[in-house]
Amino acid sequence: MVQATPLLLVLFLALGAHGLAVKKCSLTGRWINDLGSNMTIGAVNANGGFAGSYHTAVTATTNEIKVSPLQGSMQKSPNQKGQPTFGFTVNWSFSDSITVFTGQCFVDEYGKEILKTMWLLRSRVENIKNDWKATRVGINVFTRLQSLE
């Protein structure tokens, strides 16, 4: 039995190493959320900054929905381990509102990339007495849109 121990140890380490490899989640690309909104995130620079566009599928205004710019930042810590935290702001092109998102990029057990986010939407109000109704909060889950190429 003593002779089998080194073989079992090598086998265990070889099989276990497969489970230790974590696929890295990349923010760059095209995403769709649970409400049907689409966003595109460009390349993340060396400092973690990125830009992109957001096309919402939902709005509280009667204005025509337009693609809006987004600006964000991803945590670039050496301890990141491939599933980064991030935040971005969408400056709505068709309303007097702005939304900030914060979240984390995950890779699930099937290798699928998912962005779990929470957001605050601030709408303009006429005066400070109406401030109580100016901020909304919510969550969205984004999945990667596969290109048709």
Can N38 and W31 be counted as having a side-chain donor-acceptor contact under 3.5 angstrom?
no
Between the side chains of Y54 and N33, does any donor sit under 3.5 Å from an acceptor?
yes
Checking one residue: V137. Which other hydrophobic residues are in its cluster under the side-chain 4.5 Å linking rule?
V100, M118, L120, I139
Do you reckon I98 sits in the same ILVMFWY cluster as L70, going by side-chain contacts under 4.5 Å, direct or chained?
no
Close side-chain approach of T85 and M74, heavy atoms under 4.5 Å:
no
Would C105 and K24 satisfy side chain to side chain contact (heavy atoms under 4.5 Å, CB included), going step by step from the backbone distance to the final call?
CA-CA 9 Å; C105 188; K24 292 188 178 195; over 6 Å; no
Are there over 12 heavy-atom neighbours, none belonging to E126, within less than 6.0 Å of that residue's CD?
no
Side chains of T135 and R122: any donor to acceptor distance under 3.5 Å?
yes
Check the hydrophobic clustering (I, L, V, M, F, W, Y; side-chain heavy atoms under 4.5 Å; chains of links allowed) and say if F86 and V141 are grouped together.
no
Could you give the distance from OG (S95) to NZ (K66), rounded to the nearest 0.5 Å?
11.0 Å
Quick one: do V44 and T28 satisfy side chain to side chain contact (heavy atoms under 4.5 Å, CB included)? Show the steps, please.
CA-CA 7 Å; V44 178; T28 302; 4.0 Å; yes
Could you check whether any side-chain heavy atom of V107 comes within less than 4.5 Å of a side-chain heavy atom of Q83, counting everything from C-beta outward?
yes
For the residue pair W119 and F88, establish whether any side-chain heavy-atom pair is separated by less than 4.5 Å.
no
Which atoms form the tightest heavy-atom contact between V58 and S37, and what is the distance?
N-OG, 4.3 Å
From CG (L121) to OG1 (T56), nearest 0.5 Å
9.0 Å
Atom pair NZ/CG of K133 and D131 - distance to nearest 0.5 Å
11.0 Å
Report the residues that fulfil ring-ring contact (aromatic ring centres under 6.0 Å, His included) with F106, sequence neighbours left out, ordered by chain and then residue number.
none
Could you tell me whether the side chain of S93 reaches within less than 4.5 Å of the side chain of P69, counting heavy atoms only?
yes
Cluster check V90, F94: I/L/V/M/F/W/Y, side chain < 4.5 angstrom
yes
Rounded to the nearest 0.5 Å, the CD atom of Q104 sits from the CD1 atom of I114 at a distance of 11.5 Å
Find the distance between CG (L115) and CG (L27) and round it off to the nearest 0.5 Å.
6.0 Å
I need the C25 SG to E113 CD distance, nearest 0.5 Å.
4.5 Å
